[in-house]
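Structure first, commentary second.
Just so it is clear, the values below take in all heavy atoms, side chains as well, and ignore hydrogens, waters and symmetry mates.
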Amino acid sequence: MILFGMNKKLITIIFLFFIFFVFLYFLNKAKECPCYKILKVVEADWLYIDFNKNNMIDGDELVKIKNINAFSPLQNDYAKEKSIKLGITTLEYLKVGFLARSWAKDNLEGSFVCVKSKARNLKYNAYLAELSFNDIDLGEFLLKNGLAYVNSNCDNILYLPIQNINEIRNNAKELSRLDFLLLNLRSGVIHKTDCEYAKVMHNGELLLKKSIKNVYHYCRICFGDNYSGNITYDIPKSKHIYKKLVYKNFGYFEIYLINPLEYKKPNLGCNNAFAKRIIKEIDSCNKTIDLALYSIGEQKEIVDALRRAKARGVKIRSVVDYSKNISEIYPETVKFADEFDSRFDKTEILMHNKIFIFDDKRVLVGSTNISSTDSGGYNANISIIFNSAQIASYYKTEINQMSEGKFSKRKTEFSPLNVELGNSKIRIFLLPKSNANSDYIIPAIQNSNNEILVSAFYLTDKNIISELILARKRGVKVYILLDALGASNFKNRILQLRNNNIPTKIENWGGKNHEKTILIDNKILITGSSNFSVNGLYKNDENITVIENSEVASFYRDYYFYLFNSIDNKYLRAFPRAEGWDSINSCHDGVDNNHDGKIDLEDEGCKIYKNFHNVK
């Protein structure tokens, strides 16, 4: 009996240990394989995963599935090379890529995946990760179903025998009953898949014919000269020719429009009227100058004016941004901050304002940074000087809070300022505490009746894009002028606008389109420091000014269409490089226009110039 009782206790102890270890096993498995939401599918093996669980796409959340490459509908040299190695045609490669991307978008976007392992990869600037979806290894699933192939760096020997070339061919065969066309992403021209130009295309995308809307130009070789798919736009002409900076005094405020056609390269000196005006304002100050500046770069004359003001006893208070790349992009900002004892915003969220307050009476705001490219006159910008103590006081509340270390959403919430100056109604929003987008911009677009003009460095906010499309559908004329660098990073958004019959032109000046402006019904001008993006409208420290005045609107509208028409109409379809032979001056302006670390003739896009110069 005693022995039986001991055995019973032993069995109970063993059983309890078994339950405990099973619990530990599953606990460790849960820790080893956390699950996250997929926010966006780029390709079947390139995903944005919500690691910080804020339900927003962030730059450090891009993931590449390890050991495999999914097929893609993008035609380039890589696709041609891989199709040869796999023993299939390039068109078969693209068709399977269309299927892979479509499956991933339909099944993965918005779903959850478990991350079995991940490591940062500098080459891809993304995480390499092993993922499971519905308890199935995602890489293995894509290989088995002929949607991917093993890459050359595969370290998983179990993947090698899974690659299924027969299933790849079957997928391509199944899609042969659908009609596809090829879009040249550089020129914006549509080609048939058997077109002679399609075969040599280096930057294209396979599209389902029935999904293409008639906003592209169609290849004359493929479709003939009079194909009904080719469309034209009715684009207004400007009344004046603008070769230099444009200025007008409206009594209580003055507007400076910095013309990107004036200079062929950035200007280290302060030769234009805008930069000279800043120096004049600084030199005339007697008591205080308050600054909130995203950047200070290569504008010695303006900094010298501030030194003179400081030497004569003017109290200078400054706030500057100090995000992770500021020391690389604008190294002089760091020196300025040290010299003028500036308050730093060292968070990853930008302090993106461009504000001067002179003696608590006059305020300078707008899109123009203090740099050789912006205040130096190379980039397109808009700035406003208000002669109003009330507006100065309102902006000072912003600088007061930031001087106390309150940035972004840590600031105290306060209402937008509404003020009338003569026959102009002025409304000012300080972001992100004021919600300019939902409270004003979106309703203004919704209430538009005739015309909307947009000029922007970035236009990526989905709500604004959706409302612009809806406005176009109800008969409002919409015109959009975007920067080449900003557009190159968000081509899908640009195509969405173009697909809805909105003339969307990409600049090819060399200098950037750094404006952040919307003009509605030739009456309402919306402008400021904020890009029309999630970061600009909802995260950064920014400001937006609204001016309701038909005279101001007409002044800007004429200038807008001069800039719009200064760009070749082929860029209503094509995407010019920010740095390349198709962007005037960009190959010899001394600027890394696309931020890839290569300048002028060393840049990939400028090699045609380099080759030309090497010819004796």
Side-chain angles (χ1 to χ4, degrees), residues 37-49 57 61-83 86 88-113 124 126-129 131 133-134 136-151 163-165 167-185 190-191 193 198 201-213 216 462 489-496 498-499 575:
K37 186 178 181 180
I38 297 176
L39 295 175
K40 182 181 178 181
V41 168
V42 181
E43 299 291 356
D45 60 336
W46 286 92
L47 316 166
Y48 279 98
I49 296 180
I57 293 174
E61 293 182 329
L62 182 61
V63 172
K64 167 77 172 70
I65 299 178
K66 189 178 179 182
N67 295 319
I68 68 155
N69 289 330
F71 288 92
S72 166
L74 297 177
Q75 176 166 307
N76 46 42
D77 292 341
Y78 181 84
K80 293 175 183 179
E81 175 190 334
K82 289 300 176 182
S83 61
L86 291 167
I88 60 177
T89 67
T90 302
L91 184 56
E92 287 176 324
Y93 183 102
L94 300 180
K95 286 181 177 180
V96 178
F98 176 86
L99 179 63
R101 183 196 282 179
S102 299
W103 176 87
K105 282 189 172 291
D106 290 344
N107 293 278
L108 297 182
E109 270 189 7
S111 299
F112 285 80
V113 288
Y124 292 124
Y127 288 103
L128 283 180
L131 308 176
F133 174 63
N134 291 340
I136 299 171
D137 182 278
L138 191 51
E140 181 179 333
F141 174 86
L142 294 171
L143 288 171
K144 282 183 176 178
N145 287 277
L147 301 176
Y149 52 92
V150 176
N151 68 30
Q163 181 170 294
N164 194 334
I165 191 65
E167 193 62 29
I168 292 170
R169 289 197 176 102
N170 287 337
N171 286 336
K173 187 177 179 180
E174 282 294 315
L175 291 175
S176 63
R177 53 195 172 84
L178 300 177
D179 289 327
F180 289 97
L181 296 173
L182 266 171
L183 168 65
N184 187 322
L185 294 173
I190 293 287
H191 299 266
T193 56
M201 192 184 300
H202 293 284
N203 189 7
E205 182 175 358
L206 191 73
L207 302 176
L208 197 59
K209 183 177 179 180
K210 67 179 182 180
S211 69
I212 299 174
K213 298 182 180 180
Y216 298 108
K462 292 181 179 179
N489 294 325
F490 297 93
K491 287 185 177 179
N492 286 341
R493 305 282 171 85
I494 311 306
L495 293 175
Q496 183 184 2
R498 288 173 170 174
N499 287 346
F575 288 86

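- Distance check: Thr193 OG1 to Gln75 CD gives 10.0 Å after rounding to the nearest 0.5 Å.
- In this structure, Met201 CE and Asn76 CG are separated by 11.5 Å, a value rounded to the nearest 0.5 Å.
- Under the 30°/60° scheme for interplanar angles, the aromatic rings of Tyr149 and Tyr93 are found to be tilted.
- For the pair Lys80 (side chain) and Thr90 (backbone), a donor-acceptor distance under 3.5 Å is absent.
- Every residue two or more places apart in sequence or in another chain that forms a side-chain hydrogen bond (donor to acceptor under 3.5 Å, both in side chains) with Asn69 is listed here: Lys64, Tyr78.
- For Lys491 and Phe575, the positive end sits near the middle of the six-membered ring, less than 6.0 Å away and at most 45° from its axis.
- Of the possible donor and acceptor atoms, none in the side chain of Glu92 sits under 3.5 Å from a partner among the backbone N and O of Ile168.
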If you apply the rule side-chain contact (heavy atoms from CB on, under 4.5 Å), what do you find for Leu74 with Glu43, and how did you get there? CA-CA 10 Å; Leu74 297 177; Glu43 299 291 356; 3.8 Å; yes
Stepwise side-chain contact (heavy atoms from CB on, under 4.5 Å) test for Ile38 and Val63: CA-CA 10 Å; Ile38 297 176; Val63 172; over 6 Å; no
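- For the pair Trp103 and Leu142, the minimum side-chain heavy-atom distance is below 4.5 Å.
- In this structure, Asn184 CG and Asn203 CG are separated by 7.0 Å, a value rounded to the nearest 0.5 Å.
- You'll find the ring centres of Phe133 and Phe141 outside the 6.0 Å limit.
- Between Lys95 and Thr89, every side-chain heavy-atom pair lies at or beyond the 4.5 Å cut-off.
- A donor-acceptor pair under 3.5 Å is formed between the side chain of Asn171 and the backbone N or O of Asn145.
- Between Val42 and Arg101 the shortest heavy-atom distance is O-NE, 3.7 Å.
- To the nearest 0.5 angstrom, Lys462 atom NZ is 9.0 Å from Gln496 atom CD.
- The two atoms that bring Val96 and Leu175 nearest to each other are N-CD1, 4.3 Å, heavy atoms only.
- Side-chain contact check for Leu91 versus Leu182: every heavy-atom pair is 4.5 Å or farther apart.
- The shortest non-hydrogen separation linking Ala44 to Ala104 is CA-CB, 3.7 Å.
- Proximity of a side-chain donor or acceptor of Glu109 to a complementary backbone N or O of Val41 within less than 3.5 Å is detected.
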Applying side-chain contact (heavy atoms from CB on, under 4.5 Å), run through Val113 and Leu47 and close with a yes or a no. CA-CA 11 Å; Val113 288; Leu47 316 166; 5.6 Å; no
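- Residues passing the salt bridge (Lys or Arg N to Asp or Glu O under 4.0 Å) test with Glu81, sequence neighbours excluded: Lys85.
- Closest approach of Leu86 and Arg169 over heavy atoms only: O-NH2, 4.2 Å.
- The CG atom of Asp45 sits 10.5 Å away from atom CG of Leu131, with the distance rounded to the nearest 0.5 Å.
- Here CG of Leu143 is found 6.5 Å from CD of Gln163. Values are rounded to the nearest 0.5 Å.
- Residues Ala148 and Ala70 come closest through the heavy atom pair CB-CA, 3.7 Å.
- Residues passing the salt bridge (Lys or Arg N to Asp or Glu O under 4.0 Å) test with Lys66, sequence neighbours excluded: Asp155.
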Using the rule given for side-chain contact (heavy atoms from CB on, under 4.5 Å), can you reason through Leu207 versus Phe180, listing the C-alpha separation, both sets of side-chain angles and the distance that settles it, and then say yes or no? CA-CA 6 Å; Leu207 302 176; Phe180 289 97; over 6 Å; no
